[in-house]
Amino acid sequence: MVGEGISVGEAWELIRKVLNKIDKNSTNLTHFPHITQNAKWITRVDGDWTGGFWVGLLWLSYKLTDEKRYEKLAYDWLKLLEKRKKDRTPDLGFLFYPSFALGYQITNDAQLKRTALEAANTLTTIFNEKANFIHDEKSTDAGKIGQSAIDFMMNLQLLWWAHEETGEEKYHQIAFKHSTSTIKNLIRKDGSTIHVIDFDLKSGDTIRKKTEQGYSNDSCWSRGQAWAIYGFALAYEATMENSFLETAEKVSAYFVRKLPQDYVPFWDFNDPKIPNTVRDSSAAAIACSGMLTLSEVAKKEEFKETVHKILDSLSKNYWAEKGDGLLKHGCYHKPEKLGVDESLIWGDYYFVEALEKSRRK
Ligand code: GLY
């Protein structure tokens, strides 16, 4: 299955360990797991931006085992997330793709599709026509400043899916324009990414480019880079547009060039304290799953070796033997000292997603 590094036997052993933890968590949790503190889940009643990943882990468990109890659990948790479908936030992709859209793909339940489409519709309402960006209204300054970020490339997954399901052009157009604007504004010549852009909501003019979760405005936050890898791989898959493929390859090549020996990146590629600083295992998991998609859609072998090395390293060196999460050594928000050297629910999700995808090869 997984290729170099992990044997078929080891992969099944790993899946068994994953399922044991998911079983334990599903018994103990009443609210959505978000990040850990001292290796114990901090939870969120409304799911924050991450509730979809916990439901997604339950769907992946169902896919891996065919055991109906995971399907039932996923449905139970979906009920707690559904009310978020009208929230005007770019996070709708994170919230509704791994939960409702993935659930629909697995079960063919039309109600799950309807809810995911409602969320996709809400996502289209926060697109700014001047800047050609989906933007975060909570960050706006009294309706004057719009804010977009490299992370939002991943939220487009919900729009690409909605277009494929319905054929409605608006989903495709908005996702296409947002991707093009991201290339223009948030990808540097060397293939590194900028985290955040503030723009004038009326004119669309750029006000500033900056970081919020990275080391500095000029640095490259490794998880932002990972979102760009996966986001542009999906954009290419949905459109076959050459500039999206070129960008996916360029940001992937930068990520691979900057990886340390164990194939799991430091939290920011430009932290001057490297190697005496923290890793972000979630960036490795996202990039790994994104490069798997890229390899598949571009029919290229280039990143496959890295994918195997990352998966191998995460499985062997980053498995959280103790604690609630699956992967240790994630980093959520270093400048705010949140979730530093902890487990992160999205890292766990993309790790299992990558494992499940490579099992199919
Ligand atoms: N907001 C997405 C992230 O922290 O990566």
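Keep in mind that the numbers below use all heavy atoms, side chains included, and drop hydrogens, waters and symmetry copies. Atoms within each ligand, like the ligands themselves, are counted from 1 in listed order.
Applying the side chain to side chain donor-acceptor pair (under 3.5 Å) test to D109 and every residue at least two apart in sequence or in another chain returns Y75.
A salt bridge is absent between K130 and D200; no separation between the charged side-chain nitrogens and carboxylate oxygens falls under 4.0 Å.
Other residues, nucleotides and ligands place more than 12 heavy atoms under 6.0 Å from the CD atom of E13.
Under the ring pair (Phe, Tyr, Trp, His ring centres under 6.0 Å) rule, F94 has a single partner from Y350, W227, F152, F32, which is W227. Of the residues F53, W41, Y332, the one that meets the ring pair (Phe, Tyr, Trp, His ring centres under 6.0 Å) test with H34 is Y332.
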ask   = Step by step, would you call D48 with T50 a side chain to side chain donor-acceptor pair (under 3.5 Å)?
value = CA-CA 6 Å; D48 204 301; T50 53; 5.2 Å; no
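Protein residues with a heavy atom under 4.0 Å from ligand 1 are W49, D151, Q213, W221, R223, W227, Y332.
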